[in-house]
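The structure appears right after this line, and notes come after that.
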Amino acid sequence: MPLLVLGSVAYDTIQTPFDRRDRILGGSGVYAACAASFFTDVNLVGVVGEDWRQSDTRFIEQFGVNTQGLETRKGAKTLYWSGKYFNNMNDRETLEIELNVMGENWDPIVPPSYQDVPFVLLANGSPSCHLALLEKVKTPKLVIADTMDFYINNMKDNLLKLMKKIDGLILNDSEVKLLTGSPNCISAGKAILEMGPKFVVVKKGEHGALYISPEEIYIVPAFPTENVVDPTGAGDSFVGALMGCLAKTGIEDTSKIKNALASAAVTAAFCCEGFSLEKLKTVSREQIEERLAALRKMCSF
Ligand code: AMP
């Protein structure tokens, strides 16, 4: 079944201990939509400014992503983010963030053909924008939202409102603690279940992810890769592949969620193996299947 992805469409400047790239294609919506496209039909909703390169729209379309919902605003600039990775290539600091066209008053446009889409991914972005989008889709079967420290610190009221309207929340280990005030990922995850979502996925970077629902706790490791070039977008690719896979298989039982979490881990690892979406662009469905089989072997005991 088709998936709608709302998220940022951005230009990023990335510094790693080994290399640097300026104003390359990024954004939570871009990574999530392209990663999801390995599994299902994807409809992207986002906004860019006058500095947007049309070649980047074509690049996203080459993944098979429908970009009819990508709005271009005159007189505005595309979201810009700049980050620097520490030597461990896992931790990073944000050097600059200019929300620009994605500032708080952006009201996402949902083309009529997207309004009945049963699966909705609210990739990392402003919770007010997420709420506005939910007003414009009819009766989605599954809604997952991703968030980050920036929104927990600056837009917590709207985030709390959003949490009452979604099925799943995904965030990283430091963010789950920041949101709940709990120092432990499991108790923080359980506290989030009291705030609305039916399940929580806690991303732990190179240490994998935790799925927490009232019924069970499940862990998925990260796919081990030696070739980490740029981890930017790994979290977005993870949630994109997770939702793409669920849109394809359905969500009838938790085995579907476990399978989707493994696909998400594999896709996120591919994302880290190149700057921007360079590596994901070269990956085939068969390579994803091969790594899934390898991951299954690595985890059996
Ligand atoms: P990740 O590495 O998965 O956390 O995602 C990094 C991506 O998120 C980058 O491509 C950025 O353009 C994008 N990003 C950074 N800050 C924000 C923000 N405040 N809102 C939306 N997207 C953001």
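Remember, it's 1-based here, ligands and their atoms both numbered in the order they're listed.
- Residue contact annotation: Y11 has no non-hydrogen atom under 4.0 Å from ligand 1.
- Residue N124 approaches ligand 1 through these ligand atoms, each under 4.0 Å from one of its heavy atoms: 21 (C), 22 (N).
- Near A234, with a cut-off below 4.0 Å to any heavy atom, the atoms of ligand 1 are 3 (O).
- Contacts between M148 and ligand 1 below 4.0 angstrom, taking non-hydrogen atoms only, involve the side chain exclusively.
- Figure legend: cation-pi geometry between R21 and F275, with NZ or CZ positioned under 6.0 Å from the six-membered ring centre and within 45° of its axis.
- Look at K177 and D149 and you find no salt bridge, because none of the NZ, NE, NH1 or NH2 atoms lies under 4.0 Å from a carboxylate O.
- Here the two rings, on Y11 and W52, have centers that are under 6.0 Å apart.
- Salt bridge present: D51 and R23 bring a charged side-chain N and a carboxylate O closer than 4.0 Å.
- Checking N154, L99, I97 against atom 16 (N) of ligand 1, the nearest heavy atom belongs to I97.
- Short contacts between ligand 1 and T232, defined as distances under 4.0 Å to a heavy atom of the residue, involve ligand atoms 2 (O), 6 (C), 9 (C), 10 (O).
- Heavy-atom separations between Y151 and ligand 1 include at least one value shorter than 4.0 Å.
- Neither the backbone nor the side chain of F238 has a heavy atom within less than 4.0 Å of ligand 1.
- Checking T267 against S237 by side-chain atom types alone, no donor-acceptor pair falls below 3.5 Å.
- The pair K198-D167 meets the salt-bridge criterion, since a charged nitrogen lies less than 4.0 angstrom from a carboxylate oxygen.
- Taking the charged nitrogens against the carboxylate oxygens, K156 and E175 have no contact shorter than 4.0 Å, which rules out a salt bridge.
- When hydrogens are left out, the protein atom nearest atom 10 (O) of ligand 1 is D12 OD2, 2.5 Å; that is the closest non-hydrogen contact.
- Of all the heavy atoms of D236, the ones lying under 4.0 Å from any atom of ligand 1 are found in both the backbone and the side chain.
- Numbered from 1 in the order shown, with element, the atoms of ligand 1 that lie under 4.0 Å from a heavy atom of F150 read 19 (N).
- Defined by atom type and a distance below 3.5 Å, a donor-acceptor pair is missing between the side-chain atoms of T180 and S182.
- Taking every heavy atom of G26 and a limit of under 4.0 angstrom, the matching atoms of ligand 1 come to 10 (O).
- Atoms of ligand 1 lying under 4.0 Å from at least one heavy atom of R92, given by number and element, are 1 (P), 2 (O), 4 (O).
- Of all the atoms in ligand 1, the ones that sit under 4.0 Å from a non-hydrogen atom of A10 are 12 (O).
- At a threshold of 4.0 Å, the pair R285-E289 counts as salt-bridged, since one of the basic side-chain nitrogens sits closer than that to a carboxylate oxygen.
- Of all atoms in ligand 1, numbered sequentially from 1 with element shown, those under 4.0 Å from a heavy atom of G235 are 3 (O).
- Among G205, S126, S8, A268, the residue whose heavy atom lies nearest to atom 13 (C) of ligand 1 is S8.
- Both tests do not hold together for R92 against F86: distance to the six-membered ring centre under 6.0 Å, angle to the ring axis within 45°.
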